[in-house]
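Structure first, commentary second.
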Amino acid sequence: MKKSSNENPLWRFITSIKLAVFLLITLAITSIVGTLIPQGESLQSYLEHYGPTLFKIIRALHLNDMYHSWWYVSILGFFTLNLICCSIKRLPFTLALYRKDNLNIDPDKLFRMPFKARWEISSGLDDAKKEAIVKAFSKNAGGITGKRSLSDGTLYLSEKGKWSHWGLYGLHASIIIILIGAIIGIFYGFKGQVMLMEGGITNQAIDPQTGKPIPLGFSLKCNSFNISFYDNGAPKEYRSDLTVIDQGKEVLHKAIRVNSPMSYKGITIYQAYYQAVPRVTLKITTSNGHQKTFSLPTFKKINWPEAALSFGVLQYLPNVHGVPAARVWIDNGAGPAQAIWILKNRAREIKMGPNFYKFLLIDAQERYMTGLQIKKDPGVWVVWLGCTSLIIGFIIVFWVPHRKMWLWIGKNDGKDIVVVSGQSSKNRIQFEKDFRRIKQVLEQHVGERL
Amino acid sequence: MILSSSYLLSLTTFIYLGAAALYLIHWIFRVKRVGALAFFVTIVGFIVQTLGLALRWRESYQLGYGHAPLSNFYESLVIFAWITILVYIYIEWKTKRRVIGAFATPFASLAMAYASFSPNVEDTIQPLIPALQSNWLLAHVVTCFLGYASFAVACGLGIMYLMRGTEKGSRNPLLMALPENKIIDDLMHQTMVFGFLWLSIGIITGSIWANSAWGTYWSWDPKETWSLITWFIYATALHARFVRGWRGNRIAYLSIFGFASVIFTYFGVNFLLSGLHSYGSQ
Ligand code: HEM
């Protein structure tokens, strides 16, 4: 590229490849920070872990979520700007290269090409011989793309891969396409989580960042959740059997697994995790004349106003001395709350204040709750498009040459001459081989060594 | 004798160590025959390793797991060595410069030795946990390691370039046996371009996989981020050629830096940082 001295210095700066190199290095170095400091934890945990001074720096520079911080996004933005301006600046050069009529060349210049050969035919060339030469050239150079008659001869051109100069634009544009895809995802997509008990149903997901509900526009029901293990105890499969219910109708029924999600109306549902949730059936008899059976999950506080009692299951163990056991927390307002272990089918009585309470663990079962990741991302296809064009662009830039070969059959000082020459924008070694072959073939036709 | 994959793969370790030693002898004492022998030994090692990998694949079916040998840290080291040798064989076949072997085969030998002898590396065949059960596993690992292996060779070439230095007057016969700077520079660039292409495809296939497993194609977890850092470094190296003054030496340093970043992406992230790709921490 030529440098014009009257160029605006700001424009020269923003379009310089030096800046690109600088920004690439900057991105590489700054990106390291976010891999050393864990991202997206609670602010409290940073304060505890790093102390007040470092915590201030972390807060000021948003190092707890640095890849979305104003300064990191600014570097990316600047990088994109650099890329766009650089492409704009190059555009006229590439256009000129693309538009250039390679037939419009002085035959004398052909001999200045990197690859060339020339024959003087003392015995002269008749039309049949000329035709044979042109045919041989065409066959070995991969077809003739242009022909121009001059006063003292004819010029033939075989040109391939002229479009490959656009590969660099495809490559650089693909970076921008990927960023556009990411931005579409940020603005028009969402990510949420759903926890569903077996048999449970919901029509909304929870935003993991804000904790706010996101309406799905349909209902999702978990029919069952299954987990299987290998012999060595490693998990083999998590599977949720789901049904989509849209406007009261069951429209889709599918089992999803990790790596095998399902989609409905642009929303994709992934198997993300699971939780075992024990459900405990508890019969309570009180000395003030109440009796009732409860079925409750762990960690749920139950109020039983008639008996003036609050209780909940703190812990569940499937096997204590061969039977299931639960640790129950009890509070009747008289004195401190208590926590006791109850084994299945073995009643246990405790006294709290004036009353006695008898607990019987009738049954306990592990049930599963499936954890689903819900995602809508209309930008993801744009990202894949960008990725594809990145790879194709890269291959074009490095491996698709723009190659030109000329054949000139004309006269010089009254003698018939044949000149062949060529040029390739890349992969000279292959081109050298090809050119050598053409030279040999033409030599046979010309019938003369050079 | 029962032919098992672990037997063949341990054997490979010794063959590669032998090949690396032969290449070094070939370079230091400049005996032509030794070079040819080194190449022969490398090819034998490659064949033995290929059989070992194929056998391991079969054994995993016999165990009822049935997956390509790419699922844990041990297997990834073996694949790294295998692909490095593959890339090197191609380069030697293309360039006929055996000295490069002294700078390339040690990477494969070290990876194999580490895989075979380190007590930290668990080498049993393990079943695939749900997250790894994907067709993208094969594509992702193979493409990433094609990139890593090319960068290993580029790093070897970078070291070679810096050793040779720029002064023409050097009479040190060891250094004179190395190809001229221009040739090393050119090869270094080509291997980096090749590696960059595969690293890009590796990052992309990884994103596609993450998207089908978790619904996020990019989550800035440390391994992803480090692969991107590596990618930035090599993008720098490709562009630096067009900045005036950034010639040979600096590109050689970048190829070494780049490979250091590869190593960190591969080992450091597993052992020092936490994230989704907890391959090595098992
Ligand atoms: C991470 C993003 C980028 C990637 C992956 C990338 C990739 C490439 C590749 C592979 C080449 C070909 C190099 C060669 O022919 O040896 C190239 C050339 C080039 N890049 Fe980039 N590039 C990126 C960012 C940028 C930016 C931000 C600029 C802005 C100035 C830029 C400007 C150029 C120019 C001007 C060339 C052509 C040099 C020439 O042939 O004269 N690139 N890029």
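The structure displayed is predicted, hence computed values, not measured ones.
- No donor-acceptor contact under 3.5 angstrom links the side chains of B/Ser60 and B/Gln62, judged on distance only.
- Neither the backbone nor the side chain of B/Asn135 comes within less than 4.5 Å of any heavy atom in chain A.
- The heavy-atom pair separating B/Ser71 from B/Gln126 by the smallest distance is OG-O, 4.0 Å.
- Here A/Lys236 is the residue among A/Glu237, A/Lys18, A/Gln373, A/Lys236 with the most heavy-atom pairs under 4.5 Å with chain B.
- Proximity to chain A involves both the backbone and the side chain of B/Ile208, based on heavy atoms less than 4.5 angstrom apart.
- Looking at A/Ile374, there are no atoms closer than 4.5 Å to chain B (heavy atoms on both sides), in backbone or side chain.
- For B/Trp231, the part lying under 4.5 angstrom from a heavy atom of chain A is the side chain only.
- Of the possible donor and acceptor atoms, one in the side chain of A/Asn259 sits under 3.5 Å from a partner among the backbone N and O of B/Gln133.
- Using a 4.5 Å cut-off between heavy atoms, A/Ser260 touches chain B through its backbone atoms (N, CA, C, O) alone.
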| request: Run the numbers on B/Tyr74 and B/Leu9 for side chain to side chain contact (heavy atoms under 4.5 Å, CB included), then give the verdict. | output: CA-CA 11 Å; B/Tyr74 170 80; B/Leu9 292 175; 3.6 Å; yes
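- The two atoms that bring A/Leu36 and A/Tyr50 nearest to each other are O-OH, 4.2 Å, heavy atoms only.
- For the options B/Val243, B/Leu197, B/Leu238, heavy-atom pairs under 4.5 Å to chain A are most numerous at B/Leu197.
- Residues B/Ser76 and B/Tyr266 have side chains that bring a donor and an acceptor to within less than 3.5 angstrom of each other.
- Looking at A/Asp231, neither its backbone nor its side chain comes within 4.5 Å of chain B, counting heavy atoms on both sides.
- Ranked by heavy-atom pairs under 4.5 Å with chain A, the first of B/Tyr217, B/Tyr65, B/Phe196 is B/Tyr217.
- For the side chain to side chain donor-acceptor pair (under 3.5 Å) test, no residue two or more places apart in sequence or in another chain qualifies with A/Glu432.
- Checked against B/Pro179 for a side chain to side chain contact (heavy atoms under 4.5 Å, CB included), the options B/Ile184, B/Asp186, B/Leu157, B/Thr95 give a single hit: B/Ile184.
- Proximity to chain A (any heavy atom under 4.5 Å) is shown, for B/Trp136, by neither the backbone nor the side chain.
- Within residues 250-263 of chain B, no residue has a heavy atom under 4.5 Å from a heavy atom of chain A.
- Donor-acceptor pairing under 3.5 Å is recorded for the side chains of A/Thr94 and A/Tyr169.
- For A/Thr268, no part lies under 4.5 angstrom from a heavy atom of chain B.
- Only the side chain of A/Leu390 comes within less than 4.5 Å of a heavy atom in chain B; its backbone stays farther off.
- Heavy-atom pairs under 4.5 Å with chain A were tallied for B/Thr216, B/Val193, B/Ile233, B/Ile201; the largest tally goes to B/Val193.
- Your options are B/Ser207, B/Gly64, B/Ser212, and the one with the most heavy-atom pairs under 4.5 Å with chain A is B/Ser212.
- At least one side-chain heavy atom of A/Ile183 sits less than 4.5 Å from a side-chain heavy atom of A/Phe187.
- The shortest heavy-atom contact between A/Tyr72 and A/Ser31 is OH-OG, 2.8 Å.
- Between the side chains of B/Thr230 and B/Thr265, at least one donor N or O lies within less than 3.5 Å of an accepting N or O.
- A donor-acceptor pair is defined here as one N or O able to donate and one able to accept, closer than 3.5 Å; such a pair exists between the side chain of B/Tyr88 and the backbone of B/Gly101.
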